[in-house]
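Inspection log for the structure reproduced underneath, given as structure tokens.
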Amino acid sequence: MPKTADIRLPDPSRWKALAFIALAQLMVVLDATIVNIALPHAQTALGISDANKQWVITAYALAFGGLLLFGGRIADLWGRKRTFVVGLIGFALASALGGAAQNQGMLFGSRALQGVFGALLAPAALSLLAVMFTDAKERAKAFGIYGAIAGGGGAVGLILGGFLTQALNWRWTFFVNIPFAIVAALGAYFVIREPAGSRNRSSLDIPGVVLSALGLVSLVYGFTRAESAGWSDALTIGMFVASGVLLLAFVVTESRVSSPLMPLRVLLDRNRGGVYLSLGLAIIAMFGLFLFLTYYLQVVRGYSPIRTGFAFLPMIAGMITGSTQIGARLMTRVPARKLMGPGFLTAAVGMLLLTQLEIGSSYTLLILPAQLLLGLGMGTAFMPAMSLATHGVEPRDSGVASAMVNTSQQVGGAIGTALLNTVAASAATAYATSHAALGATDPELLKLQAMVHGFTGAIWWAVGILVVASAIALTFINAGRPSAAAVGGGAGSGDADGVEDEFKVPVVAH
């Protein structure tokens, strides 16, 4: 009797699995910011020079950003649960090495290893959600929680980093990952049951792995170096040129090999392409904000690291509310673009408020409402973006589709930090030079005024970037609202004439 496909019954342990997946995702997102707070203390303790301190951040960013597509493909090949658990164990061991570091070489190496295992872990986590939650309403709730963590975890990292650094010491910003990873790995091993028939056992595309890794590493390093060495630096330009050549070669290779690392069918779908592009742009604006507000509160206003972390709580609250109460509730009722477009615009309004920053600006009257709007807008947009990026993808491609979400975020973060910091530094220098020429008498006051002027100048750029992200979401994304129940078939992504389809959840064969 021939084997036929049937609709898979929901996994009874899926909500328990979500708790462990969310815990692992929180650990990865925390790590992007928690080390920033501890960096000055680690630099002093290990005798790291100012020229080399950037490698604490850069080593992680290069490994993580460069290997994400490879990690996504490994998840499809090995199985998402196995990749997820291996990623967690490796991340815990790398964190232990970082906490025990006795010199800068050990610290840099541990950060690179964290990036390698993070690149396994992050795509596996998102793709597990994609294949475990197929009912539209449940999917909305699950991705609402995941989106809130993905968006707000960075701010939580600032709080936790400040607390651990002040109350204990910088090493605990690494050691704290170990219990997170152990609990998540044990929970995943015993609770997660990956759906049958969802692996992609095709041979690994080695040329694609090499080209994508080198291309993404060159791109991320180019932006990272631009921040410190300038945009006209020969090596910076060389990295961008190399990245362009390598990524173009990667696309050509993927169009010709029989088992591509990144099937172009995943990337060229207008809805997923719109999500990757708009999400990457939004992250550019958001990472710039984290950087500027952290410096503003600590340097200009004199906040302690812990107080600075708590000052970001309104943004976290806004993101959780936007993801779980707005995005998740409306996702099955309205098309994704009608959440993402207005969400990014709401965030742009919050960012616009921050262009009014001055040395003595009120936290309660200006910074707090701006953060609430940013959080609400980003949370509302992130949730449908995360879901749509993996919705309707063939199960065998869910790992690489998930990896592209993380890649757009990682590259967006690198661009945001470098681009907006360069804009801020240039504006601050111009302000200080012009006002010194006019006879400013207080050098310290002038320095702070120039710094704030630089921040507001860069925040104007962030406003524009969020408006562009909104326009892309409204223009590119034409998928209709998800159907309320799981039904057989593929995912609609809009007809050629722009008529919206309903999403359909793919059937998984036993």
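Numbering of residues begins at 1 and proceeds along the displayed sequence.
Taking every heavy atom of both residues into account, V463 and A348 meet most closely at CG2-O, 4.0 Å. Nearest heavy atom pair, residue L120 against residue G87, reads CB-CA, 4.3 Å. Smallest separation of non-hydrogen atoms from P369 and L353: C-CD1, 4.3 Å. Closest approach of I178 and A92 over heavy atoms only: CG1-O, 3.8 Å. Among all heavy-atom pairs drawn from A427 and G454, the shortest one is CB-CA, 3.8 Å. Taking every heavy atom of both residues into account, A311 and Y303 meet most closely at CB-CE2, 4.3 Å.
In this structure, the separation between CG on N177 and CG on L93 is 12.0 Å, given to the nearest 0.5 Å. Rounding to the nearest 0.5 Å gives a distance of 11.0 Å between CG of L376 and CD of Q325. Interatomic distance, CE of M319 versus CG of L374, reported as 7.5 Å (0.5 Å rounding). Taken from CZ in R171 to CG in L46, the straight-line distance is 6.0 Å, to the nearest 0.5 Å. Atom OH of Y221 is separated from atom CG of L214 by 15.0 Å, given to the nearest 0.5 angstrom. If you take OG on S362 and CG on L357, they are separated by 11.0 Å, rounding to the nearest 0.5 Å.
Between L211 and L247, every side-chain heavy-atom pair lies at or beyond the 4.5 Å cut-off. By the 4.5 Å heavy-atom criterion applied to side chains, S278 and F344 are counted as neighbours. In this structure the side chain of F382 reaches within 4.5 angstrom of the side chain of I283, judged on heavy atoms. Two residues are said to be in side-chain contact when any heavy atoms from C-beta on lie closer than 4.5 Å; I316 and I320 meet this criterion. Side-chain atoms of S110 and Y60, non-hydrogen and from C-beta on, never get closer than 4.5 Å to each other. Looking only at side-chain heavy atoms (C-beta outward), M27 and L88 come within less than 4.5 Å of each other. Looking at heavy atoms from C-beta onward, F20 lies out of side-chain contact with Q25 at the 4.5 angstrom threshold. Side-chain contact check for L354 versus F292: every heavy-atom pair is 4.5 Å or farther apart.
Using a 30° and 60° split on the angle between ring planes, W170 and F174 fall in the perpendicular class, above 60°.
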- Message: Checking I367 against Y296 for the side-chain contact (heavy atoms from CB on, under 4.5 Å) test, could you report, in this order, the C-alpha distance in whole Å, the side-chain angles of both residues, the deciding distance, and whether it holds?
- Response: CA-CA 11 Å; I367 299 173; Y296 174 80; 3.7 Å; yes
- Message: If you apply the rule side-chain contact (heavy atoms from CB on, under 4.5 Å), what do you find for M451 with V300, and how did you get there?
- Response: CA-CA 8 Å; M451 184 182 295; V300 178; 3.9 Å; yes
- Message: Checking L246 against S218 for the side-chain contact (heavy atoms from CB on, under 4.5 Å) test, could you report, in this order, the C-alpha distance in whole Å, the side-chain angles of both residues, the deciding distance, and whether it holds?
- Response: CA-CA 9 Å; L246 289 164; S218 298; 3.9 Å; yes
- Derivation and outcome, side-chain hydrogen bond (donor to acceptor under 3.5 Å, both in side chains), residues T422 and W231: CA-CA 9 Å; T422 302; W231 295 91; 3.1 Å; yes
- Task: Evaluate the ring pair (Phe, Tyr, Trp, His ring centres under 6.0 Å) criterion for residues F240 and F223: first the C-alpha distance (whole Å), next the side-chain angles of each, then the deciding distance (0.1 Å), finally the verdict.
- Result: CA-CA 8 Å; F240 287 135; F223 279 107; 4.8 Å; yes
- Query: Between F250 and L69, is a side-chain contact (heavy atoms from CB on, under 4.5 Å) present by the stated rule, with each step listed?
  - Reply: CA-CA 12 Å; F250 170 67; L69 289 179; 4.1 Å; yes
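Remark: the backbone N or O of A471 is paired with a side-chain donor or acceptor of T475 at under 3.5 angstrom. Listed for the Q371 side chain is no donor-acceptor partner under 3.5 Å among the backbone atoms of L366. Although no hydrogens or angles enter the test, the distance criterion places no donor-acceptor pair under 3.5 Å between the side chain of R337 and the main chain of A473. Using a distance-only test at 3.5 Å, with no hydrogens or angles considered, a donor-acceptor pair links the side chain of S212 to the main chain of G208. Not a single donor-acceptor pair under 3.5 Å links the side chain of R111 to the backbone N or O of A59. Under the 3.5 Å distance criterion, the side-chain polar atoms of Y431 are left unmatched by any main-chain donor or acceptor of Q449. No donor-acceptor pair under 3.5 Å is formed between the side chain of T346 and the backbone N or O of G377.
In this structure, the side chain to side chain donor-acceptor pair (under 3.5 Å) partners of R225, at least two apart in sequence or on a different chain, are D233.
In F108, the CZ atom is crowded: over 12 heavy atoms of neighbouring residues, nucleotides or ligands sit closer than 6.0 Å. Within a 6.0 Å radius of CZ in F310, other residues, nucleotides and ligands contribute 12 heavy atoms or fewer. The neighbour count for Y295 OH, taken as heavy atoms of other residues, nucleotides or ligands under 6.0 Å away, does not exceed 12.
In summary, the side chains of Q114 and S95 do present a donor paired with an acceptor at a separation below 3.5 Å, with no hydrogens or angles considered.
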